[in-house]
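Below is one structure; the comments refer to it alone.
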Amino acid sequence: MTPQIPFRFEPTATSSELSAKYGHIEDGTETGVKVTIAGRLMLRRTQGKLAFGTLQDGEGRIQLFAPAKVTPDFEGFTSLSLGDWIGVTGEIMKTKRGELSVKVEEWTLLAETHRTFPDKFHGISDPETRYRQRYVDLWVTPEARAAFVMRSRMLSLMRRWLEERDFLEVETPVFHPIPGGALAKPFTTHHNALDTEFFLRIAPELYLKRLIVGGMERVFEIARVFRNEGISTRHNPEFTMLELYQAYADYGDIMSLVEQLIEHLAVELTGSATVFNDGRELDLSAPWRRATLTELITEFTGETLDLDSPLTELREACARHDVPVKDFYGPGKLLLELYEKTVEGNLWDPIFVIDYPKEVSPLARDHRSKPGYTERFEGIVAGRELCNAFSELYDPAEQRARFEEQAQNKAEGDEEAMAVDQDYLRALDYGLPPTGGLGVGIDRLIMLLADVQTIRDVVLFPTLKPEVFD
RNA sequence: GCCUCUGUAGCCAAGCGGUAAGGCAGUGGACUUUUAAUCCAAAGAUCGUGGGUUCGAAUCCCACCGGGGGCACCA
């Protein structure tokens, strides 16, 4: 028999609202206040002519109190499956044992479960099941739900904070004729009507800078991007970046923006600028330390090196610190490799690592006083890259030269190198004002704030091999 | 791509060479203040898939499939 399922239902309260409002009432008291709630029946304790249930909604749990002489169709109520959705109306009261409860004076089946829910106490232990069947995980793993709620709040806070500073949220294409704005392997796709190959974007950067050229002076995009690379605890093939561009600003302005934004988010989401990550304390309050890449190499390895250092010396330094290198690496790439393998993972407190070699920064503007370097920084927190930013390269001739160097690398087999983007160069020809730009890995940021150790716990449906059903 | 761990009923989980414990959920029964309710009864498993070794395999070996961790990759 198919039960009657209503087309709509109108709860008047949620579990958390009820415990906030009535949690303090005396044990064994009744309020005379009728409420209507809805959710899933997660537990049931039947004692002959009296039944207790635990109803879970999007915010928490509340007990149902169902005496046979009060609850209609008591038999039906006690034979509900764990996992069934029900709506309940009745008085809000507290049992003798002090459990806030809704007396079941009316109840309606809202959805039947045709599959049994996981163990009420142990939940799901198999990560594969959690990721594939997130619709179940969200009910049985409270921490999972909490991380996604925090993620949503973070994005909302971020939008508000940027809008208060006159940033305009925009949406730029996901289909790119030329993948650009980052060094990464793209996914490809095909548009039938245009009979054209497109790449799924690896970064929105070049479109956002076109908008600065177009006079949108402060823009940001919360962009899903796609990179055809390995999967790990820190990498999902599709992930989310915040990118923003601010006309008339340089990388120093962007640094203060980042440290203030991150501090703000930490305080709003966790109640403190000091958070815990993997059991270790992390102070995110501004200002953050700033140090150049070469200073940090010296600090961590004792090697004093620079772009002017002879190549052999740079190579020997890498060898001394067990950093593998390739023959074609120039001095900039050698310095970067040395930094990444010996410094980055050992940094814990937030720091802006500044002034990256031009050789490895094809879109950043030349440093105002240090030849061969660019005005670029990365924000490193808990040993991981949180953001990447720079004073933007505005000079079309210089940009063309950098693109061509990249294209050369690509021709030589570097799958991640950039291609020449003629339209972007045309846009620069029209004039890009001094601009500061920023990219932040949203997934990694929420991992940091929610204190989770794998990106799969902040991505609702992480990429997995498709399941085979037989 | 490489290394390593892992896959036992809807869920949790023992067994690790002698022919599949236990718990939750489900089924039947008892029970008007429980809290992972409790008690009684019956039931539920091609031990990821396919080969091999063995008198005998969930247990050992090989391959494959899925997943976790690490490396590589990814600024």
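Every heavy atom of this structure was used, including side-chain atoms; hydrogens, water molecules and symmetry mates were not. Computed from a prediction, not measured in an experiment: that's the story for all the values here.
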Pair [X] + [Y]: basic N to acidic O under 4.0 Å:
| X | Y | answer |
| --- | --- | --- |
| A:D355 | A:K370 | yes |
| A:E385 | A:R444 | no |
| A:E375 | A:K358 | no |
| A:E259 | A:R290 | yes |
| A:D395 | A:R402 | no |

Counting heavy atoms from C-beta on, name the nucleotide in [options] closest to the side chain of [X].
| X | options | value |
| --- | --- | --- |
| A:S125 | B:C11, B:A75, B:C12 | B:C12 |
| A:T116 | B:A37, B:G67, B:A25 | B:A25 |
| A:K96 | B:U33, B:C31, B:G68 | B:U33 |
| A:K69 | B:A75, B:U32, B:G10 | B:U32 |
| A:E416 | B:C73, B:U35, B:C12 | B:C73 |
| A:P118 | B:C11, B:G67, B:U32 | B:C11 |
| A:F121 | B:A36, B:C24, B:G70 | B:A36 |
| A:Q63 | B:U35, B:G70, B:G68 | B:U35 |
| A:F52 | B:U33, B:G67, B:A75 | B:U33 |
| A:R456 | B:G69, B:C24, B:A37 | B:G69 |

Considering only atom [atom1], compute the distance from [N] to [M] and round it to an integer number of Å.
| N | M | atom1 | answer |
| --- | --- | --- | --- |
| B:G50 | B:G68 | C1' | 24 Å |
| B:A25 | B:C16 | P | 28 Å |
| B:U49 | B:U38 | C1' | 42 Å |

Near-ring test [Y]/[X], centroid separation under 6.0 angstrom:
| X | Y | value |
| --- | --- | --- |
| A:F377 | A:F352 | yes |
| A:W85 | A:W107 | no |
| A:F52 | A:F65 | yes |

Given the ring of [Y], does [X] sit roughly above its face, with NZ or CZ under 6.0 Å from the centre of the six-membered ring and within 45° of the axis?
| X | Y | result |
| --- | --- | --- |
| A:R134 | A:W139 | no |
| A:K326 | A:Y329 | no |
| A:R151 | A:F148 | no |

Distance in angstrom units between [X] [atom1] and [N] [atom2], rounded:
| X | N | atom1 | atom2 | result |
| --- | --- | --- | --- | --- |
| A:D126 | B:C5 | CG | C1' | 14 Å |
| A:I124 | B:G7 | CD1 | C1' | 16 Å |
| A:R45 | B:C24 | CZ | P | 15 Å |
| A:Q56 | B:U35 | CD | C1' | 15 Å |
| A:I231 | B:G66 | CD1 | P | 12 Å |

Problem - Stretch residues 313-340 of chain A: residues that reach within less than 4.0 Å of RNA chain B through a heavy atom - result: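 When residues 313-340 of chain A is checked for heavy atoms under 4.0 Å from RNA chain B, the hits, listed by number, are A:L336, A:E340.
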Exercise for the section: Mind running a 4.0 Å heavy-atom check of residues 355-381 of chain A against RNA chain B and sending the residues that fall below it, in number order? Expected result: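 Those residues are A:V360, A:R376, A:E378.
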Problem - Any A:K120 side-chain nitrogen or oxygen under 4.0 Å from OP1 or OP2 of B:A25 - result: yes
Problem - Complementary nucleotide for B:C39 - Watson-Crick or wobble, under 3.5 Å - result: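 Here B:C39 is engaged in a pair, and the nucleotide opposite it is B:G29.
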Fill in the blank from the handout: Sorted by position of nearest nucleotide on RNA chain B, 5' first, the leading residue of A:T454 and A:P466 is A:P466
Handout entry: Most 5' of A:L82 and A:S101 on RNA chain B, judged by nearest nucleotide
Key =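 The 5'-side residue here is A:L82.
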Practice task
Go through the N and O atoms of the side chain of A:N388 and the base of B:A75, and report whether any donor-acceptor pair is under 3.5 Å.
Solution key: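 Donor-acceptor pair under 3.5 Å: yes.
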Practice task
Please evaluate the base of B:G23 for a donor-acceptor partner in the side chain of A:D119 within a cut-off of under 3.5 Å?
Solution key: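 Pair found.
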Exercise for the section: Show your working on salt bridge (charged side-chain N to carboxylate O under 4.0 Å, His left out) between A:E416 and A:K410 and close with a plain yes or no. Expected result: CA-CA 7 Å; A:E416 279 125 31; A:K410 202 179 190 71; over 6 Å; no
Problem - A:D250/A:R368 under salt bridge (charged side-chain N to carboxylate O under 4.0 Å, His left out): CA gap, chis, key distance, verdict - result: CA-CA 11 Å; A:D250 68 2; A:R368 65 193 72 186; 2.8 Å; yes
Polar pairs (N or O, both sides) under 3.5 Å between protein and nucleotides 41-46 of chain B?
none

